[in-house]
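Worksheet: the structure to be examined is printed underneath.
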Amino acid sequence: MSLFSLHTPPFTVRIATDSPTLFTDLSSLYPDEVLRLQPCPEHIYDFHIDYRRRFSGKSRPYHFRTGSEHFRMADANQLIPTFEWGLNWCVSAYQQQYLAIHAAVLEKDGKALIMPAPPGSGKSTLCALLMLRGWRLLSDEMCLIDPGSGQLQPYVRPVSLKNASIEVIRQYQPGISVFHRTPDTEKGTVAYLRPTDISWIQSDTPAAPAWILFPAYQAEAEPVAVFTMPKADTLLYLAQNSFNYAVYATEGFRLLSQLVDNTESYRLEYSDTSQMIELLEQLLC
Amino acid sequence: MLVPLLIQCFRDPEQFQAKASAACWTDLLQQARSMGLTAQLRALFDRHKLLDSLPETVQKHCEWGWRYYQKQQASLFYELFELEPCLAEADYPCLLLKGAAYQALGLTVSEGRLYSDIDLLVSRQQLNDCKAKLFFAGFFEPAVSAYDKHFYLELSHENPPLYHVKRGTALDLHFALFPLAGRKNLITENVFASASPIAGSCFQVPSLSYLYIHAAIHFFWQEEQHKLTKDLIDLDLLYSQLAEQKLLSQLLCDAEQFGALEPVVNTLLLIEKLFERSLPEEVARQLRKSPLRRDFARFILQMQLQSGTKAYIAGTLWYLRGYRHKMHWRALVRHVWVKTNLAWRHYRQRPG
């Protein structure tokens, strides 16, 4: 049984596992100062994750649990995707420090771009592409709004690429390291991209929201088209895609109203990724 | 015997704080979150004026829990306000039970306590009328089999759960405090006699001693194992309030008249031992000589608070014992027979 820890601001996690490979596999995704071989004895962790085979036998699956709550089981070849999803589940289900929205967040020149979108819209691909073009990654999964300041708190983790987006990224930047390509998961083939150094270095530096962008990849559509989104529609969409809007109640409405008032919102339909990136950077920068 | 961290903390939060290592705090936060007790932890630290001196991470988690609790509390009060106009027309008492009653009375145990449904008690004779009123207010009863309906109304102590068609609120409408199949002959009329109205509301609440008795019954005469620590903490907080108001002798008297002295005696003994509470001498004397002490049941209960094989064996024994209390053996044999037959018939009729 090994015990190690993950210090990804603003949350820390202590992990107990009997997998002989989990730590090594994660070390290709997280830097040494984030993934630590031993939990720090003086540190109080936000989550304790138990990721073990609950019954003996090498073919038995691993169970991802926190406390008495079971998330799901994983075969040995799907340890990493289940770990990453499980960590997202812990944070989205239990943290109430921030108003959390299911969205990718990046920053350039002090201005943050929020990209909320359903699966299949090209959000993660776009997020990875912008990160490779020098944008700082705050998160590819969770937009955390600090209720006190209205600023966006980073939660830097590996970027999850799915199915066709893996090849899009490889073609965009040949030779790039894509880690833990795992076929046949419930989301298809997934793989992970390590965040850039600047993203890790500033992993606890908040950013001010400037734009909200709803990407929509449509193979049959125009190469690229941008529309301004009505603010009311943006607010409703953000509320529907929030993990804890109901818990925040009136404060949640205030925070989202403030966010929508202080940002510009666009819908971006595209079929040509390179034209879209070019237009997007012209529009925003 | 090792006492769970949460019980150690509720027993003496000052001492816990003084001794807890970082790993211990991590484990405490983990266990509290699993049992939905984080907000109750915050309330505990607040009552003991320890909040500001807690480690930063513990304070942060307490605030996470508290935010969620505040949302739940607002939802509960909103739901009670929605129920008011419908049940105000009832010319019989409608009593709030468990979490809703704790909240309505503003008891210490309600501070930070989460709830999953609203529990109401009406007399058996008024059950149909009350249901009709609730149906007109938008509640519905999901379809259940004829046998399950019979089970609820003739062997259990409540109607099948009702749900609001729009808000999704779950409402348990009780006509007794304990399953009739247990044949405990509890005198439900005493609960109504003890009740007092809530100012400005159509609802009533049982007296504090009956709230304790209800919690004790569902703790000591049941088979569930997953929330023993949480229930013990509820009982300790109710006990503390009874002790403050010098109502412990009244509690024993009410429990005896109601027919549920056994769970009250044994839960008080557990609280005395696990939370190291000093019972008043007169009450302690009554408990010492009580023929209703169930030493083995208390032993297996405490074994379950540990982990490992012994806890597993104790849990199995507790499960069997709990069913013996909830269902008289004749009712249990008939229930198992009918359910097995229904399952077999269902299996035979499966498509293909």
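Numbered from 1 within each chain, the chains take letters A, B, ... in sequence-line order. Just so you know, these numbers come straight off a predicted model, no measurement behind them.
Of all heavy-atom pairs spanning A:Tyr94 and B:Trp64, the tightest one is O-CE3, 3.5 Å. Between B:Ala22 and A:Glu42, the shortest heavy-atom distance links the atoms CB-C, 3.5 Å. The minimum heavy-atom distance linking B:Val58 with A:Ile44 is given by the pair CG2-CD1, 4.0 Å. Between B:Ser34 and A:Gly67 the shortest heavy-atom distance is OG-CA, 3.1 Å.
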Next item on the list: Go through A:Asn244 and B:Lys71 one step at a time and tell me if the side chain to side chain contact (heavy atoms under 4.5 Å, CB included) criterion holds.
Entry: CA-CA 11 Å; A:Asn244 56 353; B:Lys71 180 254 175 187; over 6 Å; no
Next item on the list: Decide yes or no on side chain to side chain contact (heavy atoms under 4.5 Å, CB included) for A:Arg14 and B:Gln30, but give the supporting numbers first.
Entry: CA-CA 11 Å; A:Arg14 189 178 68 182; B:Gln30 193 66 38; over 6 Å; no
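Contact of A:Pro10 with chain B is made through the backbone alone, with heavy-atom distances under 4.5 Å. Heavy atoms of A:His48 lying under 4.5 Å from chain B belong to its backbone as well as its side chain. The contact between A:Phe11 and chain B is made entirely by side chain atoms (from C-beta outward), counting heavy-atom distances below 4.5 Å.
Contact count against chain B (heavy-atom pairs under 4.5 Å) is highest for A:Val247 among A:Val247, A:Thr66, A:Thr12.
Within a 6.0 Å radius of CZ in B:Phe140, other residues, nucleotides and ligands contribute more than 12 heavy atoms. Atom CD of A:Glu33 is surrounded by more than 12 heavy atoms from other residues, nucleotides or ligands within 6.0 Å. Environment of CZ in B:Phe77: crowded, with over 12 heavy atoms of neighbouring residues, nucleotides or ligands closer than 6.0 Å.
Atom CD of A:Glu251 is separated from atom CD of B:Gln70 by 9.5 Å, given to the nearest 0.5 angstrom. Rounded to the nearest 0.5 Å, atoms CD (B:Glu63) and CD (A:Gln97) are 10.0 Å apart. To the nearest 0.5 Å, atoms OG1 (B:Thr57) and OH (A:Tyr45) are separated by 10.5 Å. The structure places CZ of B:Arg33 at 7.0 Å from SG of A:Cys90, a figure rounded to the nearest 0.5 Å.
A side-chain donor-acceptor contact under 3.5 Å links A:Asp46 and B:His61.
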